[in-house]
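Just so it is clear, the values below take in all heavy atoms, side chains as well, and ignore hydrogens, waters and symmetry mates. Quick caveat: nothing in here was measured; it's all calculated off a predicted structure.
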Amino acid sequence: MISFTFEIRNIEFHYLKEKVEIEGVISHLKTLEGIHYQLSCYSSANNYQRVSNLDEVLKEKLGSRQTLSPNIPAKLGIDYDIVTTINNSRTIIEIEKANKEKILYDLLKAHVYLNENKDIFILIVPKEWIHSKGKEFLFQLAIERFEMCIEYGMCNKDVMSRTIIMGYDQFIDSKQLTRTEYNHIVEKCREFLS
């Protein structure tokens, strides 16, 4: 196994600025600036696919309390990444590191959660997801999908006013992750696992 240390930088937020309690949650989320997490490669499968421990690092930093139930009816069969309390608000967090297709599903889950509770929902995504076939702008896509959900009536605006989208840049060795850095990581994995 070979591992690489990444850092979260340049955090940005998108939300409807209608709920006062959101500001306290945003202040707390800003403390995530500069945290480190690991990306590890275990085999040559799937172009040396890397596995991140970001979920675990965020659970520890945000004080995950999995014993807090989000009160989602079992028949819905929807799970969540983190449930915690931030600024006296029960907060459910989804972390989407790579799959742009899951963003819309994550927003649907937000709507389900927030209809069942009076909570806050946070979707955390990298601003850019760099992969073997190119680059996806996940934060911008999440914002577009969020706005479309409201515009086309998929989600109630009042419910979505308790949703925060957090985007961050990924840094490695004090440099922002780019295609060059991505290729360097894949090459290091290839060399290590040969």
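- Residues Gln176 and Glu128 share a closest heavy-atom pair of NE2-OE1, 4.4 Å.
- Across every non-hydrogen atom of His36 and Val57, the tightest pair is O-CG1, 3.5 Å.
- No side-chain heavy atom of Thr163 sits less than 4.5 Å from a side-chain heavy atom of Tyr15.
- Both Leu108 and Leu104 are members of a single hydrophobic cluster when ILVMFWY side chains are connected at heavy-atom separations under 4.5 Å.
- Inspection of the Gln38 and Ser52 side chains reveals no N or O donor paired with an N or O acceptor under 3.5 Å.
- Atom CG in Leu141 sits 11.0 Å away from atom CH2 in Trp129 (nearest 0.5 Å).
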Next item on the list: Assess whether ring-ring contact (aromatic ring centres under 6.0 Å, His included) is satisfied between Phe146 and His14, documenting all intermediate values.
Entry: CA-CA 9 Å; Phe146 175 84; His14 180 79; 5.4 Å; yes
Check: Does the side chain to side chain contact (heavy atoms under 4.5 Å, CB included) test come out yes or no for Ile122 and Ile92, once each step is laid out?
Finding: CA-CA 6 Å; Ile122 303 166; Ile92 297 171; over 6 Å; no
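- Distance alone, capped at 3.5 Å, places no donor-acceptor pair between the Ser27 side chain and the Val25 backbone.
- Side chain of Arg179 to backbone of Ile130: no donor-acceptor contact under 3.5 angstrom is found.
- Residues Thr85 and Thr91 are not in side-chain contact: their nearest non-hydrogen atoms beyond the backbone lie 4.5 Å or more apart.
- Put simply, the side chain of Lys127 never gets that close to the backbone of Ile11: no donor and acceptor are under 3.5 Å apart.
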Checklist line | Stepwise salt bridge (charged side-chain N to carboxylate O under 4.0 Å, His left out) test for Lys109 and Glu94 | finding: CA-CA 9 Å; Lys109 288 176 15 176; Glu94 287 293 323; 3.2 Å; yes
Next item on the list: Begin with the C-alpha distance, continue with both residues' side-chain angles, and end with the deciding distance and a verdict on salt bridge (charged side-chain N to carboxylate O under 4.0 Å, His left out) for Asp119 and Arg90.
Entry: CA-CA 5 Å; Asp119 295 329; Arg90 186 167 40 189; 3.1 Å; yes
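- Here the side chains of Ile164 and Phe121 are not in contact, with every heavy-atom distance at 4.5 Å or above.
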Next item on the list: Apply side chain to side chain contact (heavy atoms under 4.5 Å, CB included) to the pair Met166 and Leu123, showing each step before the final yes or no.
Entry: CA-CA 6 Å; Met166 184 185 112; Leu123 174 59; over 6 Å; no
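- Between the CG atom in Asp55 and the CD atom in Glu60 there is a gap of 13.0 Å [rounded to 0.5 Å].
- Under a hydrophobic-cluster definition in which Ile, Leu, Val, Met, Phe, Trp and Tyr are linked whenever side-chain heavy atoms come within less than 4.5 Å, directly or via other members, Val51 and Tyr37 are assigned to different clusters.
- Taking 4.5 Å as the limit, some side-chain heavy atom of Ile95 sits within range of a side-chain heavy atom of Leu54.
- The shortest heavy-atom contact between Asn10 and Phe171 is ND2-CE1, 3.7 Å.
- Shown are His131, Lys135, Arg50, Gln170; of these, the side-chain hydrogen bond (donor to acceptor under 3.5 Å, both in side chains) with Tyr182 is made only by Arg50.
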Check: Given Leu29 and Phe13, is the side chain to side chain contact (heavy atoms under 4.5 Å, CB included) satisfied, shown in steps?
Finding: CA-CA 9 Å; Leu29 291 173; Phe13 302 97; 3.7 Å; yes
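- For the atom pair CZ of Arg9 and CG of Leu177, the computed distance is 12.5 Å after rounding to the nearest 0.5 Å.
- For the pair Asn156 and His111, the tightest heavy-atom approach, listed with the atom from each and the gap, is N-NE2, 2.9 Å.
- Nearest heavy-atom pair, Ile35 versus Thr31, reported as atom, atom and distance to 0.1 Å: CG2-O, 4.3 Å.
- The distance from the CD1 atom of Ile103 to the CZ atom of Phe139 is 10.5 Å, given to the nearest 0.5 Å.
- Using a 4.5 Å heavy-atom threshold, the side chains of Glu147 and Cys149 count as separate.
- The shortest distance between side-chain heavy atoms of Lys175 and Glu181 falls below 4.5 Å.
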Item checked: Steps toward side chain to side chain contact (heavy atoms under 4.5 Å, CB included) verdict (Lys100, Leu138) -> CA-CA 6 Å; Lys100 71 178 185 176; Leu138 288 188; 3.5 Å; yes
Only pairs under 3.5 Å count here: list side-chain donor-acceptor contacts from residues 184-194, not counting sequence neighbours, and write none if there are none.
unit_1	atom_1	unit_2	atom_2	d
Glu187	OE1	Arg190	NH1	2.8
Ser194	OG	Arg190	O	2.4

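- Phe4 and Met1 end up in different hydrophobic clusters when Ile, Leu, Val, Met, Phe, Trp and Tyr side chains are linked at under 4.5 Å.
- In this model, no donor atom of one side chain and acceptor atom of the other lie less than 3.5 Å apart for Arg162 and Tyr113.
- The heavy-atom pair separating Val125 from Ala142 by the smallest distance is CG2-CB, 4.5 Å.
- If you take NZ on Lys30 and CG on Leu32, they are separated by 12.0 Å, rounding to the nearest 0.5 Å.
- Side-chain contact between Leu16 and Ile150: present, with at least one pair of heavy atoms (C-beta onward) separated by less than 4.5 Å.
- Distance CD/Glu56 to CD1/Ile82: 9.0 Å, rounded to 0.5 Å.
- In this structure a side-chain-to-backbone donor-acceptor pair under 3.5 Å is missing from His28 to Asn87.
- Within a 6.0 Å radius of NZ in Lys97, other residues, nucleotides and ligands contribute more than 12 heavy atoms.
- Residues Ile26 and Tyr168 share a single hydrophobic cluster, defined by chaining ILVMFWY side chains whose heavy atoms lie under 4.5 Å apart.
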